[in-house]
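Step one of this worksheet: look at the structure below.
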Amino acid sequence: MNYQMTKKLSLISLFAILAMLVGQSTATADSPPVLAFYYAWFDEHSWERGETADLPVQPYVSADPATIERQVSQALQAGISAFVQSWYGPQTENNQTETNFRTLLDVAAQKGFYAAVDFEVTSPFFSDIADVQNGLTALLATHVRHPAYFRFNGKPVIFFWRQDRYSVDTWASIRQAVDPNHDTIWIAEGTNLDYLQVFDGNHLYSIAWAANPAAELNKWPPRIQNISAQQGVHKLWVATTMPGYDDTHIPGRVPPLAVPRENGAYFRRTFQAALATAPDMLIITSFNEWLEGSQIEPSISYGDFYLNLAHELISTAAQPTATATPTPVPPSPTPTATTPPTATATATATPTVTPTPNPNPYISAIRRALLYRWRLHIYLRQFRRFF
């Protein structure tokens, strides 16, 4: 046996042992990967329209690479594994969600982070079924191949918003056309589980409407398990946690809804409730949905309190026996000045970003595995494919 073969087998054996040991202690239902919904369509005018209950500490333009770098670093600080960014399709003209997602992937690769798409079926650029199918085809041919695209059990994950625009049968035809072998994981949204005939999992984007979020979250795993048993295929459950909600500043919301943050208690309660459902993945709504007041991104009213609280909750979930970290104390909310609402501007076009060289993804995977041990089984799948 030559030296290279010996080295290769030794590396595989080492990682197999690590996987076994780590898997026994941390790859459990109590420690799923934690994601966060992310929005990349803000510009310099977004903070002037009076449509948000709070404002970021640093008003920003989503197309600014430095902004994306800062947000990724903040997410890593909190222990978040990946951003799930709303995406309007591959068109670049007047579509920041495409150009900014390219930048996000490149920044994520540099920092050992990940990103996935929340496919907006009602995008202004998807006028019909053909547009949706073409958008998915483009996504599968480009972004999902990026080393920083988020994968679960080795497969790229695509979230969907408003898939109920089309029937289950229509989606069956679309999937047969673009992903007949289910090489990617499709996560539907909402309360209609009929879509699990085509999709691989389900999530509820918001639980703010529920009077008792814990009770509502507990309803869904048994229903999904029943469908899994009927189909003979495991269907994924992605549980949602939120710090609060407030869309009362958005014109036209009927009825408007506001759910108090309770000085962090609502976030803590929904996180623990989501974790208790033994989800395959856990997702925060949201990192920066400022219009609906569900952001954990640092704000004028709360500083970095919710970012720190996310870190505490995620760390506790990953290491339940570790010594508890001190509970952050929230500052008193500071009222923010608002201006009269104006019409929402059409998203402005941003220059196409030239991808920057990516670091070796396998080295990044090893480093990230040491930091977030519960994800090591995913990295091992990717590492083995290298050989």
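Hydrogens, waters and symmetry mates play no part in the numbers below; they use all other heavy atoms, side chains included. Residue indices begin at 1 and follow the sequence shown. These numbers were taken from a predicted model, which means no experiment stands behind them.
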Answer yes or no: is there a side-chain heavy-atom contact under 4.5 Å between Val132 and Trp171?
-> yes

Mind checking the CG-CG spacing from Leu309 to Asp304? Nearest 0.5 Å is all I need.
-> 11.0 Å

Please report the C-alpha distance between Asp169 and Ser167 in whole Å, then the side-chain angles of each, then the deciding distance to 0.1 Å, and finally whether the side-chain hydrogen bond (donor to acceptor under 3.5 Å, both in side chains) criterion is met.
-> CA-CA 5 Å; Asp169 289 342; Ser167 68; 5.2 Å; no

Evaluation steps, side-chain hydrogen bond (donor to acceptor under 3.5 Å, both in side chains), between Thr52 and Trp47 = CA-CA 8 Å; Thr52 61; Trp47 321 111; over 6 Å; no

N-O pairing of Arg253 and Glu51 below 4.0 Å | no

Check side chain to side chain donor-acceptor pair (under 3.5 Å) between Glu289 and all other residues, then give those that pass, not counting sequence neighbours.
-> none

Looking at His182, Lys235, His234, Lys155, which one forms a side chain to side chain donor-acceptor pair (under 3.5 Å) with Asp200?
-> His182

With sequence neighbours excluded, give me every ring-ring contact (aromatic ring centres under 6.0 Å, His included) pair touching residues 115-140.
-> Trp87-Phe119, Phe119-Phe126, Phe119-Phe160

Interatomic distance, CD1@Ile68 vs NZ@Lys111, rounded to 0.5 Å, equals 11.5 Å

Compute whether any side-chain donor of one residue and acceptor of the other, for His249 and Glu292, lie under 3.5 angstrom apart.
-> no

Trace of the salt bridge (Lys or Arg N to Asp or Glu O under 4.0 Å) decision for Glu262 with Arg269 = CA-CA 10 Å; Glu262 302 175 31; Arg269 192 162 63 248; 3.0 Å; yes

Of Thr270, Thr241, Val84, Thr240, which is the lone residue that meets side chain to side chain contact (heavy atoms under 4.5 Å, CB included) with Ile284?
-> Thr241

Parallel, tilted or perpendicular for Tyr149 and Phe101, by the 30°/60° rule?
-> perpendicular

Euclidean distance, Tyr306 OH relative to Ser299 OG, rounded to 0.5 Å | 8.5 Å

If you round to the nearest 0.5 Å, how far is CZ of Phe305 from CD1 of Ile296?
-> 11.5 Å

Cut-off 3.5 Å, side chains only: do Gln295 and Tyr302 have a donor facing an acceptor?
-> no

Would you please test Gln163 and Glu189 for side-chain hydrogen bond (donor to acceptor under 3.5 Å, both in side chains) and show each step?
-> CA-CA 7 Å; Gln163 80 282 337; Glu189 192 281 332; 5.5 Å; no

OG-CD1 distance between Ser31 and Ile314, expressed to the nearest 0.5 angstrom = 12.0 Å

Just checking, is any N or O donor in the side chain of Tyr60 or Asn288 under 3.5 Å from an acceptor N or O on the other one?
-> yes

Please test His146 against Asp106 for side-chain hydrogen bond (donor to acceptor under 3.5 Å, both in side chains), starting from the C-alpha separation and ending with a verdict.
-> CA-CA 9 Å; His146 196 288; Asp106 290 336; 3.0 Å; yes

Are a donor atom and an acceptor atom from the side chains of Thr277 and Trp237 found within less than 3.5 Å of each other?
-> yes

Are side-chain heavy atoms of Asp280 and Pro33 found at a separation under 4.5 Å?
-> no

Out of curiosity, Arg223 CZ to Leu196 CG, how far, rounded to the nearest 0.5 Å?
-> 12.0 Å

Which of these, Phe152, Tyr114, Phe159, sits in a side chain to side chain contact (heavy atoms under 4.5 Å, CB included) with Leu35?
-> Phe159

Within the 6.0 Å centroid threshold, strictly below: Phe83 and Phe150 = no

Under the side chain to side chain donor-acceptor pair (under 3.5 Å) test, which residues partner Asp179, sequence neighbours left out?
-> Arg175, Thr184

Aromatic ring proximity Tyr245/Trp209, centre distance under 6.0 Å = no

ring-ring contact (aromatic ring centres under 6.0 Å, His included) test vs His203 passes for just one of Tyr195, Phe37, Trp186, Trp220, namely Phe37

